[in-house]
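Data block below; observations after.
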Amino acid sequence: MTQAHTARPIVLSGAQPTGQLTIGNYYGALRNWVAMQQDYDCLFCIVDLHALTVRQDPKQLRQWILDLAALYLACGIDPDRSIVFVQSHVPAHGELAWLLSTFTQIGELERMTQFKDKSLRHKHNINAGLFTYPVLMAADILLYGTHKVPVGEDQKQHLELTRDIALRVNNLYGPVFQVPEPLIAAEGARVKDLQDPTKKMSKTAEAELARVMILDDPRDILKKFKKAVTDSRAEIRFDEEQQPGVTNLLDLWCAATGRGREAALGHFSHHQYGKLKVETAEAVIANLEPVQARFRELSADRAALERILAAGAIRARQRAETTMKTVLETLGLPLDPGRFHG
Ligand code: TRP
């Protein structure tokens with residue numbers, strides 16, 4: 001079977017199945033992915049192989065993979081329009097990662113800030129997979145002829161490396177890989193930590209109050225927003241430097257209501273922080289409640305979820321094999337007729 005040729009450019013993105021996602025992931029990634037289905041030929045991957053770079057409990061990991069699949073769908077990713085799949089269901093990811101590792105310099109990997117950060121956080125387990133993580137990510141992207149990769153600021157460096165690897169191979173052998181471009185989320189979509197609004201909201205933040213999870217109970221969401229750190233200026237305006245907490249709440253209100261900064265100021269500027277906190281919470285809850293309801297429905301039918309992932313894997317594998325055939329041929333590796341017939 002040949003690659004499906006659609007006129008739309010190809011988008012690929014993914015998230016690790018390592019726990020619950022935050023509203024930062026929702027407004028910064030998932031919600032944008034959903035919108036992209038309009039204009040792009042999308043693949044959304046659950047990168048379980050990447051998750052293994054940190055020790056996981058096998059039972060827990062399996063559950064998180066299904067939960068993440070349910071969450072993708074609950075947010076509005078349509079498995080008929082987009083390919084939703086699990087990375088480990090497509091063996092070519094690991095295979096291509098090996099091949100690409102021979103085109104990647106150790107020095108390049110040593111410069112990756114995420115590797116440096118993670119090595120500090122997991123001192124007892126600085127495994128080779130943590131080091132070659134970006135090569136596997138390059139394989140994820142290059143395997144599907146991806147044109148655009150929606151990523152957060154923190155993944156920009158990995159995408160740069162992916163481009164460098166792709167260009168290096170293309171310079172040696174001709175146009176083997178599509179060279180991907182980043183799609184960085186807009187400023188407003190960068191949700192900050194509610195307790196330390198100078199930092200990005202992280203799903204692994206120590207303090208529960210610091211992060212709002214997509215699946216948090218609405219009562220907890222309200223509580224977390226009420227306790228959000230602001231300042232003592234008693235003035236509602238956009239000022240990331242002087243008033244990062246207030247600015248974060250305003251930005252979130254805008255993201256959640258779909259209204260602009262002008263509207264936010266018109267609505268809040270002569271009011272107190274309490275109103276901003278409560279109304280931002282309410283707007284976020286209004287976005288999340290339908291997602292949570294769909295998540296519960298989808299999670300209740302595990303077999304149906306597994307069928308969706310199995311169908312996604314078939315479609316992803318077909319595309320991946322097309323790329324693998326080219327790559328293997330290009331590098332001089334003999335094609336196995338049992339694998340590539342016709
Ligand atoms: N490294 C990404 C993250 O931690 C996840 C990821 C893996 C990814 N492969 C990808 C993102 C391919 C985009 C494209 O967020």
Side-chain angles (χ1 to χ4, degrees), residues 6-16 21-22 24-47 49-51 53 68 72 75 77 82-85 87 93 96-97 100-101 103-105 107-118 131-171 175-192 199-203 251 255 316 319-320 323:
T6 48
R8 294 178 303 165
I10 297 169
V11 155
L12 179 139
S13 200
Q16 292 195 49
L21 297 187
T22 70
N25 301 119
Y26 181 70
Y27 293 113
L30 281 164
R31 202 174 66 158
N32 304 333
W33 296 1
V34 171
M36 274 171 214
Q37 298 180 110
Q38 286 279 348
D39 302 318
Y40 297 97
D41 176 15
C42 296
L43 298 104
F44 299 111
C45 188
I46 295 165
V47 294
L49 298 175
H50 278 111
T53 54
L68 188 55
Y72 281 5
C75 287
I77 288 171
S82 302
I83 300 181
V84 179
F85 71 107
Q87 189 184 32
H93 286 252
L96 183 60
L100 297 180
S101 76
F103 294 93
T104 309
Q105 300 302 303
E108 292 179 298
L109 295 176
E110 281 170 342
R111 282 198 289 280
M112 295 293 120
T113 55
Q114 190 167 70
F115 171 67
K116 291 191 260 186
D117 292 347
K118 284 198 183 174
F131 189 59
T132 57
Y133 180 113
V135 184
L136 180 57
M137 180 161 160
D140 300 341
I141 295 165
L142 299 180
L143 208 39
Y144 298 98
T146 306
H147 296 91
K148 305 254 183 207
V149 185
V151 285
E153 197 63 43
D154 62 324
Q155 295 298 315
K156 224 173 125 180
Q157 201 185 22
H158 290 163
L159 201 68
E160 270 309 309
L161 178 66
T162 302
R163 290 171 53 86
D164 289 343
I165 295 171
L167 286 166
R168 195 167 296 153
V169 172
N170 290 354
N171 284 334
V176 178
F177 293 122
Q178 174 67 41
V179 181
E181 287 182 19
L183 264 178
I184 306 282
E187 181 69 47
R190 259 175 249 151
V191 180
K192 301 298 198 307
K199 293 194 312 203
K200 172 186 152 188
M201 184 180 285
S202 157
K203 65 180 176 182
D251 278 337
R319 295 198 189 190
T323 304

For the [atom1] atom of [X] and the [atom2] atom of [Y], what is their distance to the nearest 0.5 Å?
X: I46; Y: L68; atom1: CD1; atom2: CG; answer: 4.5 Å
X: I83; Y: L12; atom1: CD1; atom2: CG; answer: 9.5 Å
X: R190; Y: D251; atom1: CZ; atom2: CG; answer: 10.5 Å

Could you tell me whether the side chain of [Y] reaches within less than 4.5 Å of the side chain of [X], counting heavy atoms only?
X: W33; Y: C42; answer: no
X: L109; Y: P134; answer: yes
X: V176; Y: L142; answer: no
X: Q155; Y: V149; answer: no
X: F85; Y: L43; answer: yes
X: V191; Y: T22; answer: no
X: P150; Y: N32; answer: no
X: M36; Y: L183; answer: yes

Y72 and F44 aromatic ring geometry - parallel, tilted or perpendicular at 30°/60° bounds |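 Judged by the thresholds at 30° and 60°, the geometry between F44 and Y72 is perpendicular.
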
Show the numbers, then the answer: is there a side chain to side chain contact (heavy atoms under 4.5 Å, CB included) between T162 and D140?
-> CA-CA 10 Å; T162 302; D140 300 341; over 6 Å; no

Between [X] and [Y], is there a donor-acceptor pair closer than 3.5 Å when you use the side chain of the first and the backbone of the second?
X: R31; Y: A255; result: yes
X: H93; Y: A139; result: no
X: T146; Y: I141; result: yes

Can you check whether Y40 and H147 have ring centres sitting under 6.0 Å from each other?
->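 Y40 vs H147: aromatic centres not under 6.0 Å.
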
Residues which pass ring pair (Phe, Tyr, Trp, His ring centres under 6.0 Å) with F177, listed by chain and number, not counting sequence neighbours |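 With neighbours one apart ignored, the set is empty.
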
Determine whether more than 12 heavy atoms belonging to other residues, nucleotides or ligands lie under 6.0 Å from atom NZ of K200.
->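 For K200, atom NZ is not crowded (no more than 12 foreign heavy atoms under 6.0 Å).
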
Between R319 and D41, does a salt bridge (Lys or Arg N to Asp or Glu O under 4.0 Å) hold up when you go through it step by step?
-> CA-CA 12 Å; R319 295 198 189 190; D41 176 15; 3.1 Å; yes

Residues 110-118 side chain polar contacts: donor-acceptor under 3.5 Å, at least two apart:
| unit_1 | atom_1 | unit_2 | atom_2 | d |
| --- | --- | --- | --- | --- |
| T113 | OG1 | Q157 | OE1 | 3.2 |

Could you note down all residue pairs passing salt bridge (Lys or Arg N to Asp or Glu O under 4.0 Å) where residues 159-169 supplies at least one of them, sequence neighbours left out?
->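 Of all non-adjacent pairs touching residues 159-169, those that pass salt bridge (Lys or Arg N to Asp or Glu O under 4.0 Å) are E108-R168.
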
